[in-house]
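Order of the sequence lines sets the chain letters (A, B, ...), proteins ahead of strands, with each chain counted from 1.
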2 protein chains.
Amino acid sequence: MSTKKRRQREFVERESRILAKAWELLERDGLLKLQMSRLAEECEYSVGTLYHHFSSKEDMLLALATEQVSERLRLFEKVAQWQANTRDRMIGFLFADALFARREPLFFHLQQYITTPVIAAAISEERRQLAIEAHRPLAELFLSVVEEAQSNGDLGNTTLSPLQLGLGLWALAEGMHTLVHAEGLSEPYKVSSPYSLLLNHCHAWLNGHEWRPLYPLNDLQAQAELIDRVRREVFDVIPGVDAGVLFPQPAQGAL
Amino acid sequence: MSTKKRRQREFVERESRILAKAWELLERDGLLKLQMSRLAEECEYSVGTLYHHFSSKEDMLLALATEQVSERLRLFEKVAQWQANTRDRMIGFLFADALFARREPLFFHLQQYITTPVIAAAISEERRQLAIEAHRPLAELFLSVVEEAQSNGDLGNTTLSPLQLGLGLWALAEGMHTLVHAEGLSEPYKVSSPYSLLLNHCHAWLNGHEWRPLYPLNDLQAQAELIDRVRREVFDVIPGVDAGVLFPQPAQGAL
DNA sequence: ACAGATTATGAATCTGATTCACATAGTGAG
DNA sequence: CTCACTATGTGAATCAGATTCATAATCTGT
């Protein structure tokens, strides 16, 4: 009985050891150079063993990305607990997202890679389910704030469900990440501080939905102050947060 | 002299013949099954010849995607020439985008695939430049409408440049495409008609930027009428346009 | 201590992109 | 018309790297 449990535990432990090493290799050599045989070598396990854990390389990559979600969740939880109105918390989520994107740029590469249909095709159903499970609390946290806003009247009356509403902001952020990380085609359209820009567009979107309190769009000062408040009141406890780089103070009133 | 030109012409012709066949295979078997040796076989050229044209498989895929841009441009041009206010034309671009996404879903898979940094790394610099060149008129068309809006006062006063402003809508659309096409992770968050939803969020964004004339967000009827007008006045000449599928009439006033 | 079950191993296999030595065709001078 | 030369096309051979699976090693309960 207990032997079986010990085995299971050891199996799980080994899995996270493998993933830790994989992440290390990823950071060192990049996604392109990550190969299963080298990973096996570095872990001091055989390739076969790797394949007892993961049905394919892509499967492992999704496992890797899924592991990171808990870190992201930690940031989101801080925002959800923040004593602030719903609109400010929405901006807080955005901050968390941008923060995470900056600290773990690899995560976004990985995410983009494994959600590409060609690549995703090689992922096992189980792993996909695990990933969905892992993401659920993240989505719930986010959507609960949307619901709160709807029920307490922060929002103008809308015909959209919380999910439909939330997807708007989600898409906006996702799209900006995509444009920021897209290789090649977007070079001529690069912009100096994409996340400040995103922030401004999010305020536009929130104003458009009459999400109160409204922020005047061209008052960049007020937007910067809000960001500063998020940083101080939510994220300052977390070491290594560099909001100044993400959201540089606007010079002479322009982005 | 003229021999050389003939040769060049033949080379170009062969390239488009190869690409045409590649597109055919892509539609038939999908991106996953497209392989260079099979393509060579079907074209009745040798693999070596393929590699005289393209430095790698990814290089060829970008060439393929670039070819499609002219089709997309054709739709965008129709919108740009439309006799309507700037706001309606912005929605027109969105329509064109959604339309294209529906007619050529492969294009978006391809686009997503080749902009993934891992994949993009295998693309030659020349090909990348060609792709950027091909996209330029598309961006110019879009940005010229933004500029027009700014200069004729349709827009509230903003601190953003036309590019910075345009990127907002671009990111929103891009993000929605990504969420729609993302495999796996987004399953629990699927929504019945993502492009109607996108449209609603775009109106929110436009309202937020005080892009006149404002549309009330919960008047789905007015939004549906605008879409219908775009279809009738801009795209009806184009056969096979099925706006009804893209933007279904909202049932009982809800999305 | 042993049979049987479970798990680990890594050499062998397989897939498919890419290369390159050679074959072929085109060119222009004499 | 022929020949030397160049440019282009060919596809078998090479290479990279993921995946498999027959075998070895280890563990379990008796």
note = Taken to the nearest whole Å, CG/L32(A) to P/dA17(C) is 16 Å

note = Heavy-atom nearest nucleotide on DNA chain D taken for Y45(B) and for A122(A); more 5' hit belongs to Y45(B)

query = Which nucleotide, dT9(C), dT20(D), dG11(D), lies nearest any side-chain atom of Y51(A)?
reply = dT20(D)

key: Between E77(A) and Q81(A): side-chain donor-acceptor atoms closer than 3.5 Å   = no

key: Sugar-phosphate, base or nothing in reach of R38(A), heavy atoms under 4.0 Å   = nothing

request  = State whether R14(B) places a side-chain N or O below 4.0 Å from either non-bridging phosphate oxygen (OP1 or OP2) of dT8(D).
outcome  = no

task = Please confirm whether R127(B) makes a cation-pi placement over F54(B), using NZ or CZ under 6.0 Å from the six-membered ring centre and within 45° of the ring normal.
result = no

ask   = Among L160(B), L167(B), L165(B), which residue meets the side chain to side chain contact (heavy atoms under 4.5 Å, CB included) test with L163(B)?
value = L167(B)

message = Using a strict heavy-atom distance below 4.0 Å, which residues from residues 52-66 of chain B are in contact with DNA chain D?
response = H52(B)

query = Is there a donor-acceptor pair under 3.5 Å between the side chain of S56(B) and the backbone N or O of A122(B)?
reply = yes

ask   = Are any of R7(A)'s side-chain N or O atoms less than 4.0 Å away from OP1 or OP2 of dT7(C)?
value = yes

request  = Nearest whole angstrom, please: distance from the C1' of dG11(D) to the CG of L39(B).
outcome  = 15 Å

inquiry  = Nearest whole Å is fine: how far is dT6(C) P from Q8(A) CD?
reply    = 14 Å

inquiry  = Just the rounded figure in Å: distance from C1' of dA11(C) to CD of E41(A).
reply    = 15 Å

note = Between CD of E44(A) and C1' of dA8(C) the distance, given in whole Å, is 15 Å

request  = Taking atom CD of E10(B) as the centre, report whether more than 12 heavy atoms of other residues, nucleotides or ligands fall under 6.0 Å from it.
outcome  = yes

key: Value in whole Å for how far the P atom of dT8(D) lies from CZ of F11(B)   = 8 Å

message = Taking only side-chain N and O atoms of S46(B), does any of them lie within less than 4.0 angstrom of OP1 or OP2 on dT10(D)?
response = yes

message = Measure CG/L50(B) against P/dT8(D) and give the value in whole Å, please.
response = 17 Å

request  = Applying side chain to side chain contact (heavy atoms under 4.5 Å, CB included) between W23(A) and each of L110(A), I18(A), L34(A), report the one that passes.
outcome  = L110(A)

query = Quick one: Q35(A) CD to dG10(C) C1', roughly how many Å, whole number?
reply = 15 Å

ask   = When the aromatic ring centroids of F142(B) and F76(B) are compared, is their separation below 6.0 Å?
value = no

task = Mind checking L34(B) for me? I need base, sugar-phosphate or nothing, with any heavy atom below 4.0 Å counting as a touch.
result = sugar-phosphate

